[in-house]
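Okay, structure first, notes after.
In what follows, chains carry the letters A, B, and so on, assigned in the order in which the sequence lines appear, proteins first and then strands, with residues in each chain numbered from 1.
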There are 2 protein chains.
Amino acid sequence: MKRATLRDIAQSLGVTVATVSRALKNYPDISKATKQTVLAAAERLHYAPHPMAVKLRQQAYKVVGVVIPDIIHPFFSDVISGIVDVMEDLGYHIILSQSNESYEKEIRVTQMLQATGVDGLLVCLSNETVDVGHLQALQEYDVPVVLFDKISPLLEASSVVTNDFQGAYDAVAHLLDQGYTRVAHIKGPPHPENTRQRFAGYRAALAAYGLPYRAEYVAECTHVTQDEGAFFNRQFMALAEPPEALFAVTDSVAIGAITALKEAGWRVPQDMAVIGFSDWAVCRLLEPSISSVSQPGYDIGRRASELLLREIRQLREALPLEHSQLVLDARIQIRQSSQRPVSV
Amino acid sequence: MKRATLRDIAQSLGVTVATVSRALKNYPDISKATKQTVLAAAERLHYAPHPMAVKLRQQAYKVVGVVIPDIIHPFFSDVISGIVDVMEDLGYHIILSQSNESYEKEIRVTQMLQATGVDGLLVCLSNETVDVGHLQALQEYDVPVVLFDKISPLLEASSVVTNDFQGAYDAVAHLLDQGYTRVAHIKGPPHPENTRQRFAGYRAALAAYGLPYRAEYVAECTHVTQDEGAFFNRQFMALAEPPEALFAVTDSVAIGAITALKEAGWRVPQDMAVIGFSDWAVCRLLEPSISSVSQPGYDIGRRASELLLREIRQLREALPLEHSQLVLDARIQIRQSSQRPVSV
DNA sequence: TTGGATTCCGAAATCGATTACGTTACCGAT
DNA sequence: ATCGGTAACGTAATCGATTTCGGAATCCAA
């Protein structure tokens with residue numbers, strides 16, 4: 001069965017496509033009578049406007065691209081869910097791509113999305129990404145870009161992030177408040193702004209509590225995996241004066257660190273307190289339950305979508321583009337793994 | 001900055017758009033000289049074909065729609081990842097929608113996808129869905145549909161599913177092999193084919209081992225949540241002769257069931273053995289680690305995509321449509337929660 | 001010099017919908 | 001009778017790329 005077109009309706013009624021089009025779109029200069037017959041014919045033929053023809057004519061696609069490092073990540077699932085919920089309500093569609101944390105792939109998929117024709121782009125940069133020329137190219141062709149989670153100061157664009165600094169500060173302060181003085185940190189790779197912020201929050205908390213920064217208590221992982229968490233925590237545990245508490249840059253690193261502790265017969269939190277970042281669902285289920293810093297993934301998706309839609313609208317109405325930098329609060333979720341036993 | 005069009009190139013060279021188009025697409029009847037100048041001009045102006053114009057002309061959109069109940073589900077993340085990997089390689093894009101397990105929303109999003117113009121649809125039905133008229137409508141307009149995971153026998157279409165029957169059978173057989181005789185089952189809602197199959201596998205295993213089916217050992221949940229798992233397991237635990245082992249329709253139900261056991265001071269697996277279904281990542285991390293049946297989510301996504309692409313191709317070449325029903329093996333992952341202690 | 005075959009490119013239709021502009025017919029007013 | 005006005009619809013351009021058809025120019029052979 002073929003799709004019905006305006007011409008099909010027009011021919012079946014002996015009018016022109018222009019009349020049909022105007023009747024369907026409620027133009028004032030069409031008589032009530034013909035409007036009725038056109039509507040009836042459209043109904044009868046199951047007419048639906050051909051999307052590509054409309055998009056070509058209007059130069060508006062109602063499609064936004066989403067680029068994330070990795071779909072199989074609970075945090076990004078939350079973000080995507082927020083994006084979809086906002087966009088679907090306004091009739092926008094989502095095209096999903098993943099960069100697999102590769103700078104090259106990120107360039108490839110953004111170019112593909114540009115070629116495909118999107119009204120805008122929501123991007124979470126890969127860990128490898130430093131240069132943002134591929135995104136500036138989009139902007140030059142009037143395709144707005146909104147960054148979220150992993151952003152870059154090099155790109156003039158709206159962005160939505162968690163307050164990683166404050167979250168990290170709160171997490172470390174929570175440890176220090178309980179009297180711990182030797183607090184270690186397993187940090188992420190140096191490029192993404194958010195892991196830098198978490199590291200900065202760690203240092204700021206130490207400083208605020210008058211504690212020295214000790215380089216031997218800081219390790220830097222590259223792939224941010226459980227294995228790395230276990231590996232680096234074993235190094236901490238082997239120190240002459242091992243740390244009493246650990247702030248891990250992500251939950252997977254925290255879980256790996258706890259695995260290493262358990263294997264060596266250390267108890268959590270008695271022998272080492274641990275707090276992670278992201279607040280995955282597993283944190284509540286594990287034993288001990290893992291303290292973590294929750295990121296508002298769903299809200300990040302929603303807010304980023306709203307910013308993007310605003311810029312798309314501004315662009316269409318030839319208004320000046322307004323960029324916004326949103327920073328959403330992170331909240332520490334205190335559970336067993338970071339609670340110092342009361343008696344000493 | 002405006003996008004460059006064929007006309008821009010043509011005017012800058014004093015030729016017509018037809019020549020430019022043919023030069024760019026390597027038609028044989030264009031001289032080497034003009035081909036060179038055209039290619040150079042295209043490069044210089046950063047020409048990229050206008051996607052909507054091409055799609056309108058060719059009536060092929062290189063976009064497929066994906067409809068799933070819930071994006072925030074590790075299994076679906078795996079599936080999506082598989083879909084994206086296959087589709088991206090062939091230049092296809094994914095439009096993602098979620099039905100939130102609502103029949104109404106499923107209809108809405110499929111109609112939106114049809115209106116948007118997709119070459120095909122990959123659908124996992126919602127738990128509520130019984131009637132499939134909205135998908136048949138797509139097929140009538142030559143938009144192929146491939147079902148995965150939650151399928152319906154009412155729709156004549158290709159499908160890819162896990163072998164839920166065999167997975168369930170293996171799980172229960174694994175329990176029975178260890179000498180358990182009182183094995184309970186918390187089943188899912190009655191509509192989706194896969195939870196029916198899991199129930200059927202449970203019954204078949206009982207029958208194969210010469211054990212009676214006891215209705216008091218079977219409960220049916222509606223939302224398939226942890227809470228329901230806990231709730232129904234408490235009912236089992238309160239029986240005069242409580243079951244020794246439990247096969248839960250999903251991991252979340254299994255986790256809920258274990259929570260109920262722990263709260264009541266029962267030990268797992270000593271007082272009740274538990275095995276789930278889906279093999280979430282958490283199963284390995286929990287204590288005790290949870291046995292489960294792994295579903296090949298990534299492969300399901302890949303295979304479903306390949307089937308859909310085949311049907312799109314067959315449709316374009318006016319070949320007869322061939323449907324395939326793929327059933328991928330499920331493997332039981334035996335961990336602590338289902339291992340009967342050796343001594344009695 | 002002429003016929004035919006090639007080579008290379010332009011003209012124009014097409015995909016389907018939208019819309020600026022023009023046209024017809026009919027109205028009442030002068 | 002002529003004019004202005006308006007309701008209602010048709011004409012045709014447009015969005016950008018593709019493709020069929022055909023035409024001009026060139027070349028070779030007779």
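At C/dG16, one or more side-chain N or O atoms of B/Gln59 fall inside 4.0 Å of OP1 or OP2 (strictly under the cut-off). Put simply, B/Thr19 has no side-chain N or O that comes within less than 4.0 Å of OP1 or OP2 on C/dC9.
Using a 4.0 Å cutoff on non-hydrogen atoms, the parts of residues 25-35 of chain A near DNA chain C are A/Lys25, A/Tyr27, ordered by number.
Residue pairs meeting the salt bridge (charged side-chain N to carboxylate O under 4.0 Å, His left out) criterion with at least one member in residues 309-319 of chain B, sequence neighbours excluded, do not occur.
Residue-to-nucleotide contacts include a donor-acceptor pair under 3.5 Å from the side chain of A/Arg22 to the base of D/dG10.
Of all heavy-atom pairs between A/Tyr103 and A/Glu128, the closest is N-OE1, 3.0 Å.
Here D/dG16 presents its P atom at 16 Å from CG of B/Leu24, a figure rounded to the nearest Å. A straight line from CG of A/Leu56 to P of C/dT19 spans 13 Å, rounded to a whole angstrom. We find that NZ of B/Lys2 is positioned 11 Å from C1' of D/dG16, with the value rounded to whole Å. For the pair A/Tyr47 OH and C/dG16 P, the computed distance is 10 Å after rounding to whole Å. Atom CG in B/Leu45 sits roughly 14 Å away from atom P in D/dG16 (whole-Å rounding).
Of the candidates D/dG16, C/dG16, D/dT19, the closest approach to any side-chain atom of B/Ala18 belongs to D/dT19.
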Under 3.5 Å donor-acceptor pairs involving side-chain atoms of residues 144-154 of chain B, not counting sequence neighbours:
| from | atom 1 | to | atom 2 | distance (Å) |
| --- | --- | --- | --- | --- |
| B/Lys150 | NZ | B/Glu101 | OE2 | 3.3 |
| B/Lys150 | NZ | B/Asn127 | OD1 | 3.4 |
| B/Ser152 | OG | B/Leu154 | N | 3.0 |

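Under 4.0 Å is where a charged nitrogen must lie from a carboxylate oxygen, and between B/Glu140 and A/Arg3 no such pair does.
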